[in-house]
K.L.:
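One structure, pasted below without further comment.
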Amino acid sequence: MSSKNKKLAEAVARNLNVAPMANSSSSHTAATAAHYSATSQYITVTLDKLRPYEHNPRKTRNPNFEMIKESIRRRGLDHKPNITQRPGEPFYIIADGGNTRIQALKELFNETQDQRFWSIECQYKPWKGDTADSVEAELDLLIGHLIENDTRADLTFIEKALGIQQAKEYYEKKLGSSLSARELSIELEKDGYIIHYTMIAKMGRCIEFLYPYIPDVLFNGLGNSPIDKLLAIRNNALEVWQQYQFETDITFEAIWENSLSRCNDDNPFNVKTFQDALINEMTDALEGKVSYEMLYMEVDLDERKFQKLAKKQREIDEQTKHSQQDVEKFQQQQLDKIPPETKDTSSSTSSTTVMPSQAEKSTTPSGDEHSQISEKPENPAKNDRTLQTESVPPLLNTEPTQADSDVEPVNNLAQQFAQNYGITPGMSIQAQREQQAVANGLEFACTGRQPVADIWQIYPSRQHKAEAYSLALDIAEQFGLDEFVEHIVKEPVDYSFQMKVPDKELEDETRRSIYELLSMLQTHDLTYSDACFMDTALLLGSAEREPKIDDTTLVKIFRLIRLVRHLRAAV
């Protein structure tokens with residue numbers, strides 16, 4: 001075995017607590033492992049001759065370990081593990097599941113010195129290959145462990161992903177070429193392990209983009225859903241980063257690594273908390289040229305869904321418009337086919353014709369039918385009008401058509417979307433914000449982390465606390481107070497903020513007034529009611545000097561006050 005494999009085996013052994021051990025019992029006689037290379041058979045093996053499989057997909061302690069251990073203590077080993085032996089090695093390894101049972105046996109023997117935990121009967125399976133490094137044999141072992149763990153459904157996502165990656169390396173060594181996710185899926189299926197290529201691709205991305213930075217979070221059991229969200233957030237954030245080609249030496253990969261690595265100790269891990277850290281770091285790297293809210297709307301998964309819906313809404317509106325036009329055109333064509341006198345006559349009569357009842361028809365003698373048909377009607381004009389009315393196409397019906405009835409809900413949906421989110425289909429969010437700012441005379445305030453395009457407008461479905469948090473950071477930064485704006489993490493994350501308590505009293509009167517103002521407007525506790533007193537020089541200035549609060553900051557203060565009033569009204 002290579003030195004690399006030896007180190008890996010020792011590390012796995014320590015983790016599983018099944019390192020080579022000695023029997024100090026007086027009745028113990030040392031034995032040397034025999035070689036059983038030809039046939040499968042049951043043999044008795046002692047714990048000192050057993051090793052875990054170093055590439056076992058399970059890297060963490062089985063959550064059911066104590067239950068398994070107690071079962072073995074009371075009943076003995078019901079399910080004997082399968083073992084094999086590499087050529088030239090003096091010990092056996094677990095073939096396809098059973099490392100947890102070996103760990104339990106070792107602990108039980110250390111605790112009790114009971115010989116029934118020392119010697120166990122196992123089924124020996126011949127090694128598939130002539131050498132210890134046989135790729136076919138390693139694949140057989142690895143796939144056996146994967147199948148065994150899948151049967152028990154007790155692997156974390158990352159453990160399974162690392163197992164699949166190890167299998168990929170073996171297959172590529174065996175075949176002498178690299179494999180795509182689809183090709184790897186086919187090879188695994190040939191050897192009895194079924195996994196879809198899309199899952200393999202996701203596992204590869206998880207190992208590449210998540211595993212290096214949050215290994216502890218992943219081994220703690222991060223599942224499919226949050227992993228999907230993290231990978232989708234990365235796609236969105238990378239797309240936005242590439243969209244803004246500002247001059248900066250900072251790479252997206254560095255931002256991703258820094259933001260994600262800081263969350264490795266989080267337990268439980270929260271996707272929204274990470275997303276907040278990522279967007280803040282992107283905002284800082286772009287030096288305020290793009291606002292926090294702008295990035296949030298481009299990166300956040302829910303916001304992206306809304307944008308797709310808005311874009312789809314425009315397509316629906318166009319299709320509905322064309323459908324209406326087609327219906328109207330068809331109706332006109334049908335009307336053009338009707339003689340003019342028919343149209344005139346039909347307009348003065350009812351479109352409903354009273355037909356004889358079934359009872360009247362049944363009471364008419366069959367012999368009189370011919371005479372009734374051959375006779376002239378008493379009122380020819382009336383009958384003519386009835387026949388003519390029946391010949392008018394049903395398209396002249398004044399009831400609304402299906403296309404007409406569909407238009408109103410579609411238009412209502414577009415209107416509700418615009419009212420709730422302030423998004424118009426077919427335009428970028430930034431362009432809409434700038435257009436709105438110009439219309440309100442606020443283009444000078446459409447800058448910073450949180451540009452202001454409208455002081456008063458509230459969109460009910462937007463993240464108001466996120467906007468307030470960004471505004472507070474912009475205002476505080478103008479006066480060197482941004483270090484005191486603290487994001488309070490809640491569940492679910494809502495971007496609440498409060499002002500940290502300074503280590504010493506703020507000496508500058510202006511900074512102290514702004515600090516008190518932001519404390520009053522904090523969103524962590526909307527019942528906070530401390531008063532704030534501001535010098536008129538801050539807002540109005542004097543004949544000798546300009547106001548200490550510039551126009552842009554003043555607009556942002558007004559917007560923050562508006563948001564906090566709205567949030568407090570909802571409490």
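Note that the numbering runs from 1 along the sequence shown for the chain.
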K.L.:
How long is the span from the CD atom in Glu189 to the CG atom in Leu184, to the nearest 0.5 Å?
P.N.:
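Going from the CD atom of Glu189 to the CG atom of Leu184 covers 11.5 Å.
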K.L.:
One thing to verify: whether Glu477 and Arg449 come together as a salt bridge, which I'm taking to mean a side-chain N less than 4.0 angstrom from a carboxylate O.
P.N.:
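Looking at Glu477 together with Arg449, the answer is yes, because their closest N to O distance falls below 4.0 Å.
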K.L.:
Any side-chain heavy-atom pair from Ile164 and Leu146 closer than 4.5 angstrom?
P.N.:
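Of all side-chain heavy-atom pairs linking Leu146 with Ile164, at least one is under 4.5 Å.
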K.L.:
Look at the side chain of Glu183 and the backbone N and O of Glu187, then say whether any donor-acceptor pair between them is shorter than 3.5 Å.
P.N.:
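No; judged by distance alone, with no hydrogens or angles, the pair does not exist.
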K.L.:
Closer than 3.5 angstrom, by distance alone: can the side chain of Glu172 be matched with the main-chain N or O of Leu179 as a donor-acceptor pair?
P.N.:
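Judged by distance alone, yes, a pair lies under 3.5 Å.
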K.L.:
Would a 4.5 Å heavy-atom cut-off, applied to side chains only, mark Ile68 and Phe65 as touching?
P.N.:
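A side-chain contact under 4.5 Å is absent here.
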K.L.:
Go through the structure and list residues passing ring-ring contact (aromatic ring centres under 6.0 Å, His included) with His524, not counting sequence neighbours.
P.N.:
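For His524, no residue satisfies ring-ring contact (aromatic ring centres under 6.0 Å, His included) once neighbours in sequence are set aside.
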K.L.:
If you measure from OG on Ser180 to NZ on Lys168, what distance do you get to the nearest 0.5 Å?
P.N.:
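Reported to 0.5 Å precision, the distance equals 8.5 Å.
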K.L.:
Answer yes or no: is there a donor N or O on one side and an acceptor on the other, between the side chain of Asp216 and the main chain of Asp265, under 3.5 Å?
P.N.:
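No, Asp216 side chain to Asp265 backbone: no donor-acceptor pair under 3.5 Å.
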K.L.:
Quick one: do the Glu281 and Asn258 side chains pair a donor with an acceptor below 3.5 Å?
P.N.:
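There is such a pair (donor and acceptor under 3.5 Å, judged by atom type) between the side chains of Glu281 and Asn258.
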K.L.:
Please report the shortest heavy-atom distance between Phe497 and Ala468, naming the atom on each side.
P.N.:
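Reported closest heavy-atom pair: CE2-O, 3.9 Å.
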K.L.:
Using every non-hydrogen atom in the two residues, find where Pro52 and Ile94 come nearest and quote the distance to one decimal.
P.N.:
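Minimum heavy-atom contact is CA-CG1, 4.4 Å.
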K.L.:
Using a 6.0 Å cut-off, check whether atom NZ of Lys80 has over 12 heavy atoms from anything other than its own residue.
P.N.:
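Yes - once you tally the heavy atoms of other residues, nucleotides and ligands closer than 6.0 Å, there are more than 12.
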K.L.:
For the pair Thr84 (side chain) and Lys125 (backbone), establish whether a donor and an acceptor sit closer than 3.5 Å, ignoring hydrogens and angles.
P.N.:
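Checking the backbone N and O of Lys125 against the side chain of Thr84, a donor-acceptor pair under 3.5 Å is found.
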K.L.:
Just wondering, do Ile458 and Leu563 contact through their side chains at under 4.5 Å, heavy atoms?
P.N.:
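In contact.
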K.L.:
Are Glu138 and Arg86 ion-paired here, with the side-chain N under 4.0 Å from a carboxylate O?
P.N.:
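Yes, charged N to carboxylate O under 4.0 Å.
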K.L.:
Starting at OG1 of Thr251, measure out to CD of Glu253 and round the result to the nearest 0.5 Å.
P.N.:
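With rounding to 0.5 Å, OG1 (Thr251) is 6.5 Å from CD (Glu253).
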K.L.:
Taking all non-hydrogen atoms of both residues, which atom of Leu141 and which atom of Ala95 are closest, and how far apart?
P.N.:
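Distance-wise, the nearest heavy atoms are CD2-O, 3.2 Å.
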K.L.:
Test side-chain contact (heavy atoms from CB on, under 4.5 Å) on Ser259 and Ile255; report intermediate values, then the result.
P.N.:
CA-CA 6 Å; Ser259 304; Ile255 291 175; 4.1 Å; yes
K.L.:
Should Arg73 and Glu111 count as an ion pair when the cut-off is N to O under 4.0 Å?
P.N.:
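Yes, charged N to carboxylate O under 4.0 Å.
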K.L.:
Salt bridge check: are Glu467 and Arg462 linked by an N-O gap of less than 4.0 Å?
P.N.:
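No, Glu467 and Arg462 are not salt-bridged.
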K.L.:
How close do Ala167 and Leu139 get, counting heavy atoms only, and between which atoms?
P.N.:
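Reported closest heavy-atom pair: O-CD2, 4.0 Å.
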K.L.:
I'd like to know if the side chain of Thr283 and the backbone of Ile279 have a donor-acceptor N/O pair within less than 3.5 Å.
P.N.:
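Such a contact is found between Thr283 side chain and Ile279 backbone.
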K.L.:
Begin with the C-alpha distance, continue with both residues' side-chain angles, and end with the deciding distance and a verdict on side-chain hydrogen bond (donor to acceptor under 3.5 Å, both in side chains) for Gln275 and Asp300.
P.N.:
CA-CA 8 Å; Gln275 179 181 276; Asp300 186 75; 3.0 Å; yes
K.L.:
Looking at Lys229, I want to see if its NZ is surrounded by more than 12 non-hydrogen atoms of other residues, nucleotides or ligands under 6.0 Å.
P.N.:
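No.
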K.L.:
Between Asn270 and Thr273, is there a donor-acceptor pair closer than 3.5 Å when you use the side chain of the first and the backbone of the second?
P.N.:
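Yes, the answer is positive, given that a donor and an acceptor are paired below the 3.5 Å cut-off.
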K.L.:
Going by the rule ring-ring contact (aromatic ring centres under 6.0 Å, His included), which residues pair with Phe157 if we only count those two or more places apart in sequence or in a different chain?
P.N.:
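With sequence neighbours excluded, Phe157 shows a ring-ring contact (aromatic ring centres under 6.0 Å, His included) to no residue whatsoever.
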K.L.:
Run the salt bridge (Lys or Arg N to Asp or Glu O under 4.0 Å) test against Lys128 and tell me which residues pass, sequence neighbours left out.
P.N.:
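Partners of Lys128 under the salt bridge (Lys or Arg N to Asp or Glu O under 4.0 Å) test: Asp140.
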K.L.:
What residues, two or more places apart in sequence or in another chain, satisfy ring-ring contact (aromatic ring centres under 6.0 Å, His included) together with Phe274?
P.N.:
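Once residues adjacent in sequence are excluded, the partners of Phe274 under the ring-ring contact (aromatic ring centres under 6.0 Å, His included) criterion are Trp256.
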K.L.:
Do we see a donor-acceptor contact under 3.5 Å between the side chains of Tyr292 and Asp284?
P.N.:
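The answer is no; no qualifying pair exists.
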K.L.:
With side chains defined as the heavy atoms from C-beta onward, is the minimum distance between Phe484 and Val501 less than 4.5 Å?
P.N.:
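Not touching, per the 4.5 Å side-chain cut-off.
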K.L.:
Would you please test Val217 and Asn267 for side-chain contact (heavy atoms from CB on, under 4.5 Å) and show each step?
P.N.:
CA-CA 7 Å; Val217 169; Asn267 190 11; over 6 Å; no
K.L.:
Under the side-chain hydrogen bond (donor to acceptor under 3.5 Å, both in side chains) rule, collect the residues that match up with Arg182, sequence neighbours excluded.
P.N.:
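Scan of Arg182 (side-chain hydrogen bond (donor to acceptor under 3.5 Å, both in side chains), adjacent residues dropped) gives Tyr197.
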K.L.:
Looking at CD1 of Ile475 and CG of Leu560, how far apart are the two atoms once the value is rounded to the nearest 0.5 Å?
P.N.:
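One gets 5.0 Å once the value is rounded to the nearest 0.5 Å.
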K.L.:
Does a side-chain N-to-carboxylate-O contact under 4.0 Å join Glu208 and Arg205?
P.N.:
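Result for this pair is no, no salt bridge flagged.
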K.L.:
Who passes ring-ring contact (aromatic ring centres under 6.0 Å, His included) against His487, sequence neighbours left out?
P.N.:
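His487 satisfies ring-ring contact (aromatic ring centres under 6.0 Å, His included) with Tyr469, Tyr495 only.
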K.L.:
Can you find a pair of side-chain heavy atoms, one from Gln123 and one from Gln41, that are under 4.5 Å apart?
P.N.:
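Side chain of Gln123 against side chain of Gln41, heavy atoms only: no contact under 4.5 Å found.
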K.L.:
Could you tell me whether the side chain of Asp276 and the main chain of Lys272 form a donor-acceptor pair under 3.5 Å?
P.N.:
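Checked: no pair found.
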K.L.:
Could you check whether any side-chain N or O of His464 sits under 3.5 Å from a backbone N or O of Tyr459, counting only pairs where one atom can act as donor and the other as acceptor?
P.N.:
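Flag set: sc His464 to bb Tyr459 pair under 3.5 Å.
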K.L.:
For the CD1 atom of Ile83 and the OH atom of Tyr42, what is their distance to the nearest 0.5 Å?
P.N.:
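One gets 11.5 Å once the value is rounded to the nearest 0.5 Å.
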K.L.:
Side chains of Glu159 and Thr156 only: does a donor on one sit below 3.5 Å from an acceptor on the other?
P.N.:
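Distance-only check passes for Glu159 and Thr156.
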K.L.:
Taking all non-hydrogen atoms of both residues, which atom of Ala161 and which atom of Ile207 are closest, and how far apart?
P.N.:
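Of all heavy-atom pairs spanning Ala161 and Ile207, the closest is O-CD1, 3.5 Å.
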K.L.:
First locate atom CZ of Arg101, then atom CG of Leu108, and finally report the distance between them rounded to the nearest 0.5 Å.
P.N.:
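Result: 14.0 Å between the selected atoms.
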K.L.:
For the CZ atom on Arg565, are there more than 12 heavy atoms of other groups (residues, nucleotides or ligands in this structure) within a distance under 6.0 Å?
P.N.:
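It does not: Arg565 CZ has 12 such atoms or fewer within range.
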K.L.:
Considering all heavy atoms of both residues, which atom of Leu155 and which atom of Pro57 are nearest to each other, and what is their separation?
P.N.:
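Closest approach of Leu155 to Pro57, heavy atoms only: CD1-CB, 3.8 Å.
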K.L.:
What I'd like to find out is whether the side chain of Met203 reaches to under 4.5 Å of the side chain of Lys160, using heavy atoms alone.
P.N.:
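Side chain of Met203 against side chain of Lys160, heavy atoms only: contact under 4.5 Å found.
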K.L.:
Taking Gln103's backbone N and O only, do any of them form a donor-acceptor pair with Glu107's side chain (distance below 3.5 Å, no angle check)?
P.N.:
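No, Glu107 side chain to Gln103 backbone: no donor-acceptor pair under 3.5 Å.
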K.L.:
Short question: side chain of Ser470, backbone of Ala466 - any donor-acceptor pair under 3.5 Å?
P.N.:
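Such a contact is found between Ser470 side chain and Ala466 backbone.
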K.L.:
Evaluate side-chain contact (heavy atoms from CB on, under 4.5 Å) for Ile158 paired with Leu222, printing each intermediate quantity in order.
P.N.:
CA-CA 8 Å; Ile158 190 60; Leu222 197 68; over 6 Å; no
K.L.:
Any side-chain heavy atom of Thr131 within less than 4.5 Å of one from Pro87?
P.N.:
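With C-beta onward as the side chain, the pair stays apart.
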K.L.:
With no hydrogens and no angle check, just 3.5 Å: does a side-chain donor-acceptor pair link Glu298 and Asn236?
P.N.:
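Note: Glu298 and Asn236 side chains miss the donor-acceptor criterion.
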K.L.:
Are Lys173 and Glu169 within salt-bridge range, i.e. N to O under 4.0 Å?
P.N.:
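Glu169 and Lys173: not salt-bridged.
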K.L.:
Given Ile120 and Ile102, is the side-chain contact (heavy atoms from CB on, under 4.5 Å) satisfied, shown in steps?
P.N.:
CA-CA 10 Å; Ile120 58 174; Ile102 299 303; 3.9 Å; yes
K.L.:
Quick check: do Tyr92 and Thr46 have side-chain heavy atoms less than 4.5 Å from each other?
P.N.:
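SC-SC contact between Tyr92 and Thr46 ruled out.
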